[in-house]
Amino acid sequence: MATAAELVARRLYEAGCRHAFGMPGGEVLTLMKALQDAGLEFVMVKHENAGGYMAEGTFHRTGAPGVLLSTIGPGVSNAVNVVANAAQDRVPLIFLSGCVDAAEAQTYNHQVFDHVALMKSVAKASFTLLDGAVDVIVDKAVAIAMDGRPGPVHIDVQTPLARREQPDAKPARRVRPAPAAPAPGPDLDRARALLAGAERPIMIAGVEALEHDAVDTVASLARDFAIPLVTTYKAKGILPEDDPLALGGWGLSPLGDKHVLPLIDTADLILLAGYDPIEMRSSWVAPWDPAKTPVIEFAGTPNTHYVHQATLSFIGNVRAGLTALRDGVTPREVWPNGAPRETRNALTAAFPTDEAWGPAAICDEANRLLPDDAIVAVDTGAHRILLSSVWKCRRPHTLIQSTAFGSMGCGLPLAIGAKLADPDRAVVAFTGDGGLEMILGELATLRDRKLPIVVVVFVDASLALIELKQRADGMENLGVDFGRTDFAAVARALGGNGVDVDNRADLAAALRDGLAADAFTVIAAHIERGVYDGRF
Ligand SMILES: Cc1ncc(C[n+]2csc(CCOP(=O)(O)OP(=O)(O)O)c2C)c(N)n1
Ligand SMILES: [Mg+2]
């Protein structure tokens, strides 16, 4: 016999979950203890929203769903941002919340609102845990979170039910769908003929290439057929980005698009490898005309977004699809005009990193110093777009960020989750000063968990990305300038190391010291206001 809380915890452990993040409350004490006892270490955070990003950070290292726990009412509403983020950024997240007994809620209203109704508007699914169906609801939640497009699933747990004994649980019902390959037939024949005949093929890879374990398949298809590869931000590093065929990760930078989109326009075959356009800005809406250029799409889910169209769509497993595509096709000479190489050179020239000091110098210095397998998390703002444009990922899964939802306040907690799940790895968080001020309390989480993460904050006393847009629209600065916080002192006050830097040599020394330290380090990298003009 086990209580409902114990059953929930056991099922999540069986699904590979090892941490649960949250801010406790009276309604979830039983659940919290059960999670801890089952082997999901409870990590107290300062805000549920940050806890959800930490849970996401664990997913990026383990592949198991992240777990967030909140109490009733304000705990649930605090998590709305990160649940919406998980939906847009395709993150499997199990969000457990506590609530009062349904009958009691008829005559009791303190902190009570309809959690499920709120969560249904942002999550993939929202369940109320039911007496007698605890095990199956958790199994379903995990399956819904992981299968198809990964995303968040919410389970509301009534406090009295958490304590109630449940009938013996059935073994976990967890049958993952087998990878579906395209059926042989005229469409596949046509796709192979298009690949065999293409003189100017190009490939665009996205998050589903990672989800479908297609990294090696995409990389070898690119290499064997000399196909240049463009990725989204999430798919950066599928080909090591110093490979001549790697054209970088794009989607948010108008300057990058200016170089990459014309190359796509001259292609005579476009291959989409798990490309999910939710990461892309509006210049990627209808970026090609399938009537003019054949587009072969391999995706896990049918296109209902209508952001682009394809000539042939193979819906199923991306790895199996790409493997079937190349079967029996002999590589040929491609791109005789050398255009991809020229595009690559033009991109390098458009995003210089040789400045003496500034945001690109910060990225350049860190990118050269960090080991290839270091995990880098980056927050949202001007610094992120610049970093994503110049950062060379040598491995996939090494740069994590909110690329679809684009939320501020995610960088530091993503790094915390990754470090907890993979403690031996070097983990660095990059953040703007506005973003760090939003979640400053989580520095105390670094202290309490003794996590030697390095946080590099771009200190420009500005919401630079918004200031830039405001100015570009001919508007006066309004609500975008603020004071220069002494982040190094804040770090020390919260039990970490703090260093101010304003040149490359000091930054490199601070990074080396930070990576070797026992406690966390905040490196306050001071840059001028307005330095991003014309940079992306
Ligand atoms: C939660 C949230 N609020 C507001 C925004 C809009 N926004 C995008 S970038 C940005 C400025 C970020 O400033 P900072 O963290 O200092 O980074 P910088 O742009 O200066 O590099 C804002 C306000 C957002 N993306 N997310
Ligand atoms: Mg800033």
Side-chain angles (χ1 to χ4, degrees), residues 46-53 56 77-89 122 233 251-255 278-282 351 357-363 366 376-391 401-415 428-443 455-473 475 477-487 490 500-502 522-536:
K46 303 298 172 188
H47 193 295
E48 290 79 357
N49 197 47
Y53 287 108
E56 175 182 343
S77 49
N78 257 4
V80 170
N81 168 290
V82 77
V83 173
N85 183 85
Q88 295 229 314
D89 275 61
V122 277
Y233 284 179
L252 288 194
S253 159
L255 182 56
I278 196 157
E279 291 183 65
M280 317 307 266
R281 63 192 287 277
S282 56
F351 293 91
W357 182 245
I362 296 168
C363 298
V376 170
V378 61
D379 209 68
T380 294
H383 64 285
R384 167 170 87 104
I385 304 179
L386 188 74
L387 184 142
S388 303
S389 306
V390 300
W391 195 263
Q401 46 180 316
S402 169
T403 60
F405 200 50
S407 181
M408 286 169 77
C410 67
L412 171 58
L414 283 170
V428 176
F430 290 88
T431 174
D433 43 3
L436 185 56
E437 285 179 3
M438 200 177 254
I439 53 147
L440 213 43
E442 302 306 337
L443 291 177
V455 182
V456 179
V457 50
F458 292 72
V459 186
D460 53 12
S462 167
L463 302 176
L465 187 63
I466 309 307
E467 193 271 346
L468 196 101
K469 292 181 182 173
Q470 209 169 45
R471 206 155 25 87
D473 283 349
M475 300 166 96
N477 280 24
L478 174 64
V480 291
D481 301 316
F482 50 95
R484 242 169 221 268
T485 298
D486 186 349
F487 288 103
V490 172
D500 288 289
V501 301
D502 61 3
V522 172
I523 302 177
H526 295 269
I527 55 175
E528 298 299 315
R529 277 196 181 133
V531 289
Y532 293 99
D533 289 20
R535 300 294 293 271
F536 51 76

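Both counts, for ligands and for their atoms, begin at 1 and track the order of listing.
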Checklist entry - Have Asn81 and Tyr53 got a donor and an acceptor in their side chains that come within less than 3.5 Å? => result yes

Identify all side-chain donor-acceptor contacts of residues 433-441 below 3.5 Å with residues at least two apart in sequence or on another chain.
unit_1 : atom_1 : unit_2 : atom_2 : d
Asp433 : OD2    : Asp460 : N      : 2.9
Asp433 : OD2    : Ala461 : N      : 2.6
Glu437 : OE2    : Thr485 : OG1    : 2.4

Checklist entry - Can you find a pair of side-chain heavy atoms, one from Asn85 and one from Glu56, that are under 4.5 Å apart? => result yes

Checklist entry - Less than 4.5 Å apart, any side-chain heavy atom of Leu412 and any of Thr431? => result no

To the nearest 0.5 angstrom, please state how far the [atom1] atom of [X] sits from the [atom2] atom of [Y].
| X | Y | atom1 | atom2 | result |
| --- | --- | --- | --- | --- |
| Tyr233 | Ser389 | OH | OG | 4.5 Å |
| Arg529 | Ser462 | CZ | OG | 6.0 Å |
| Thr403 | Asp89 | OG1 | CG | 4.5 Å |

Next on the checklist: Keeping to distances under 2.8 Å, can you name the protein N/O/S atoms close to the Mg ion (ligand 2)?
Outcome noted: Asp433 OD1, Asp460 OD1, Ser462 O

Next on the checklist: Which label fits Trp391 and Phe430: parallel for a plane angle under 30°, tilted from 30 to 60°, or perpendicular past 60°?
Outcome noted: perpendicular

Between ligand 1 and the protein, which N/O pairs are shorter than 3.5 Å?
unit_1   : atom_1 : unit_2 : atom_2 : d
ligand 1 : 15 (O) : Gly434 : N      : 3.3
ligand 1 : 15 (O) : Gly435 : N      : 2.7
ligand 1 : 16 (O) : Asp433 : N      : 3.4
ligand 1 : 16 (O) : Asp433 : OD1    : 2.7
ligand 1 : 16 (O) : Gly434 : N      : 2.8
ligand 1 : 16 (O) : Ser462 : O      : 3.0
ligand 1 : 17 (O) : His383 : ND1    : 3.4
ligand 1 : 19 (O) : Ala382 : N      : 2.8
ligand 1 : 19 (O) : Ala464 : N      : 3.3
ligand 1 : 19 (O) : Leu465 : N      : 3.1
ligand 1 : 20 (O) : Asp460 : OD2    : 3.3
ligand 1 : 20 (O) : Ser462 : O      : 2.9
ligand 1 : 20 (O) : Ala464 : N      : 2.9
ligand 1 : 21 (O) : Ala382 : N      : 3.3
ligand 1 : 21 (O) : His383 : N      : 3.1
ligand 1 : 21 (O) : His383 : ND1    : 2.8
ligand 1 : 25 (N) : Gly406 : O      : 2.8
ligand 1 : 26 (N) : Met408 : N      : 3.2

Checklist entry - In chain order, what residues pass the ring-ring contact (aromatic ring centres under 6.0 Å, His included) check against Phe351, with sequence neighbours excluded? => result Trp250

